[in-house]
Every structure is written in structure tokens, then in C-alpha cells.
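So you know, we letter chains A, B, ... as the sequences are listed, proteins then strands, and number each from 1. Side-chain atoms are counted along with the backbone in the values below, which use heavy atoms only and exclude waters and symmetry mates.
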Amino acid sequence: MPELPEVETVRRGLERLIVGRSIKTVMVYDSPKSFPNTQADVEQFVYGATIVAVRRRAKVLLIELSTNYTFVTHLKMTGQLVYVGNERFGAGHPTDSLIGSLPDRSTRVAMAFDDGTTLFFNDQRKFGWMKLYPAPEVMNIDFMQKVGPEPLDDSFTAKVFISRIRHRNNTTIKAAILDQTVLAGVGNIYADESLWGAKIHPSTRVKNVSDEQLSTLLVELKYVLNLAIEKGGSTDKNYVNAEGKRGSYIDFARVFRREGKECPRHPGTVIIKTRVAGRGTHTCPICQPAPL
DNA sequence: CACTTGACCTGTCCGC
DNA sequence: TGCGGACAGGTCAAGT
């Protein structure tokens, strides 16, 4: 379930851990589903290349190489990018990592660096993928063309948010903020958390949400996304950062995975779990009364 | 076109 | 204990 804060946490870790390292070999364990490029292309464009940057757009990670090729990765629900260091260089696998010895049965790709360290792409459910693109073609990927603005950019103002989401007036507010073409990076956790923050029921139709409420929702969205980045993301089951460690946002969650527990605003009232937009949805029945 | 639902996967949990 | 089925949820294709 990596969303914007989890992917950004992985990006920051990888930026620190792999930029400047040189790739020696790439082992592919699940082709073509998890990694469709041919071995010949990998040998020609990746072997000997140096990592020059690690970027993020929405929930997609871009690992840029000195050869002007880019590894594009989407972790989807259970994907992990875990760097395993080398004891000789004092960057060994952390002892508090949630990850056992790698590769394991979920490993789809392993990228070995010339210093003996390795980056593993693991994905239990095989929904995620990693693909090699010539750098200039990355922006032509369908998803990149249609994905909406980054919600944490200063240019993403209430005015921009409102004008974009009003194109989805007839659907529910939860479906609208999960729509990656409206804004980038929000998934189930932060949708529920921000809607509770703004005191809006997730199944409210967008047309019945006022501009003022939408402005409040954007403030709450930016707040939970920033807080989650600060806490290193949310680890429910599978998510780990680039060192294999868990994130702690879930300890600060107000509604997500808290069904049956008290609403922070209303001691004595418990969070309920329902289904909205096809997803498990958590609300406080007092803060967020269901629409008629 | 706007919107909703099912498919893609595998591990886990629950009820019988 | 074993087993079937529901569930987890990001994105895309197919359906209404």
C-alpha cells in the first residue's frame, strides 16, 4: 500500500544509499511480469552505469542512470525496494530490519553494485513492476501524461484543487481524491485520514461538498501527507523503507485500521468500518455523519 | 464521456 | 486440522 509518503520515504533512502554507485549485474527472477526488458538491453544500457539521481512522481520512482536510461518502478501494494549493504564498508543490513536474508521468494529483481552491495526489488503479489526506459521516453508513459499535480507543491492551491475536483462532481469525495488524475499520490490510508480531519463523510458526492469544505480538505491532506513523511510512512503489513525498516505513521492514525476504537475527538464513540468506492473505509459516525 | 466494477496476485485470517 | 472463501488495495481494462 505504498502511497506518496511511503514512496517519498523510499526515495530519500535510495538517494542517500545508491546515488554514485555503479551497477555490475542485474538478476531478474520474474520476467516479463515484474520486469519486461530483455537481458540484452540490460547488459547494453545498465551494466557499468552509475546511479545519478532518484526521483519521484506521484507513486512512481525513477532511478536515473549515467547512460541516460531510467528504471521506472511502481510498488503498487506489496512492492519493496531494499538496499543491502556490505559489512566491509560499514553499511551492513540493519539489525532492526523487517527483512530476512535476500533474495527470498518475493524477490523479482536484484541489482548488484560493483562494491558488493545490492538493491532488491521484492513484491509478494506481483502487482508492482520495474521497467527500463530511455530517459526521454519516461514522460511519454501513459500514466505520466495523465497523472495530476503533486499535492505538496506550493503551486497546488485550494483554487487549483477545487477547479480540478469539480470535474468529478457526480462521484463520491473519496473516489475523487483517490483518482490519480485529479491529484497525485493519495491512497486509501491518507484518503480516510484527511476526510476525518476535514469532517467530511467519504461517500458524500463532490457536488454536495462546499468550496470551503474542499479548502479544509486540502489543508488536511497536506497535513497528513507531511506528517506521514516525517514518520517514515505507514507500515501495515508489507511496507518497509530502503533499509528494510518500518514506518510509524500508523501509530498516529486517527481512523485508519482503528475500527472499534475511540474517535480522538469523541471519547465513547467508536470508529466504524464500511465500504466506499470499493475500499475499506474508516469513519467516526459523529464527526462524519453519513449523507442521506 | 462519466462513472463503476472486475481483474491482476498471494498471503492471511475466519468460520465450518 | 484442513479447506474454502473473503479480504487486503493501486491501477487499468472493460462494462454500464
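Of the N and O atoms on the side chains of A:Gln44 and A:Tyr69, not one donor lies less than 3.5 Å from an acceptor on the other residue.
Within a heavy-atom distance below 4.0 Å of DNA chain B, the residues of residues 118-128 of chain A found are A:Gln124, A:Arg125, A:Lys126, A:Phe127. Less than 4.0 Å separates DNA chain B from no heavy atom of any residue of residues 271-283 of chain A.
B:dC3 and C:dG9 are spaced 23 Å apart, taking the P atom of each and rounding to whole Å. One P atom belongs to C:dC3, the other to B:dC9, and the distance between them is 24 Å to the nearest Å. Spacing of P atoms, C:dT11 relative to B:dC1, comes out at 22 Å, to the nearest Å.
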| Could you walk me through whether A:Glu8 and A:Arg11 pass the salt bridge (Lys or Arg N to Asp or Glu O under 4.0 Å) check? | CA-CA 5 Å; A:Glu8 176 60 20; A:Arg11 189 200 69 77; 3.1 Å; yes
| said: If you apply the rule side chain to side chain donor-acceptor pair (under 3.5 Å), what do you find for A:Asn170 with A:Lys207, and how did you get there? | reply: CA-CA 6 Å; A:Asn170 217 29; A:Lys207 64 186 168 199; 2.7 Å; yes
| query | When you look at A:Glu193 and A:Arg254, which way does the salt bridge (Lys or Arg N to Asp or Glu O under 4.0 Å) test go after all the steps? | reply | CA-CA 7 Å; A:Glu193 289 290 292; A:Arg254 288 85 51 93; 3.1 Å; yes
| task | Using the side chain to side chain donor-acceptor pair (under 3.5 Å) rule, take A:Ser34 and A:Tyr29 through it: C-alpha gap first, then chi angles, then the decisive distance, then the call. | result | CA-CA 8 Å; A:Ser34 300; A:Tyr29 299 82; over 6 Å; no
| task | Using a 3.5 Å limit on both pairing distances, list the dot-bracket string of DNA chain C from the 5' end; Watson-Crick and G-U wobble pairs count, crossing pairs take [ ], interstrand pairs take |. | result | .|||||||.|||||||
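Comparing A:Arg105 and A:Asn170, the nucleotide of DNA chain B nearest to each residue sits closer to the 5' end for A:Asn170. Residue-to-nucleotide proximity on DNA chain B shows that, of A:His167 and A:Lys237, the 5′-proximal contact is made by A:His167. Residue-to-nucleotide proximity on DNA chain C shows that, of A:Lys146 and A:Met77, the 5′-proximal contact is made by A:Met77.
Taking each heavy atom of A:Ser215 and A:Ile162 in turn, the nearest pair found is OG-CD1, 3.9 Å. Scanning both residues, A:Lys59 and A:Leu4, for their nearest heavy atoms gives CG-N, 4.2 Å. In terms of heavy-atom proximity, A:Arg166 sits nearest to A:Val206 at NH1-O, 3.0 Å. Nearest heavy atoms, A:Val240 versus A:Val10: O-CG2, 4.0 Å. Heavy-atom minimum distance, A:Thr235 versus A:Ile250: O-CG2, 4.1 Å.
Heavy atoms of A:Lys33 sit under 4.0 angstrom from primed sugar atoms or phosphate atoms, though from no base atom.
For the pair A:Lys131 and A:Glu137, the salt-bridge criterion is not met [side-chain N within less than 4.0 Å of a carboxylate O]. Salt bridge absent: A:Glu15 and A:Arg55 never bring a charged side-chain N and a carboxylate O closer than 4.0 Å.
Aromatic ring orientation, A:Phe71 versus A:Phe35: tilted (interplanar angle from 30° to 60°).
When DNA chain C is scanned in the 5' to 3' direction for atoms under 4.0 Å from non-hydrogen atoms of chain A, the outermost contacting nucleotides are C:dA8 to C:dC12. From the 5' end on, the contacts that DNA chain B makes with chain A at under 4.0 Å to a non-hydrogen atom open and close at B:dC3 to B:dG11.
Of the listed residues (A:Lys126, A:Met27, A:Met130, A:Lys33), just one forms a side-chain contact (heavy atoms from CB on, under 4.5 Å) with A:Arg108, and that residue is A:Lys126.
Evaluation of the side chain to side chain donor-acceptor pair (under 3.5 Å) test over residues 219-230 of chain A, restricted to residues two or more places apart or in two chains, returns none.
Environment of CD in A:Gln145: crowded, with over 12 heavy atoms of neighbouring residues, nucleotides or ligands closer than 6.0 Å.
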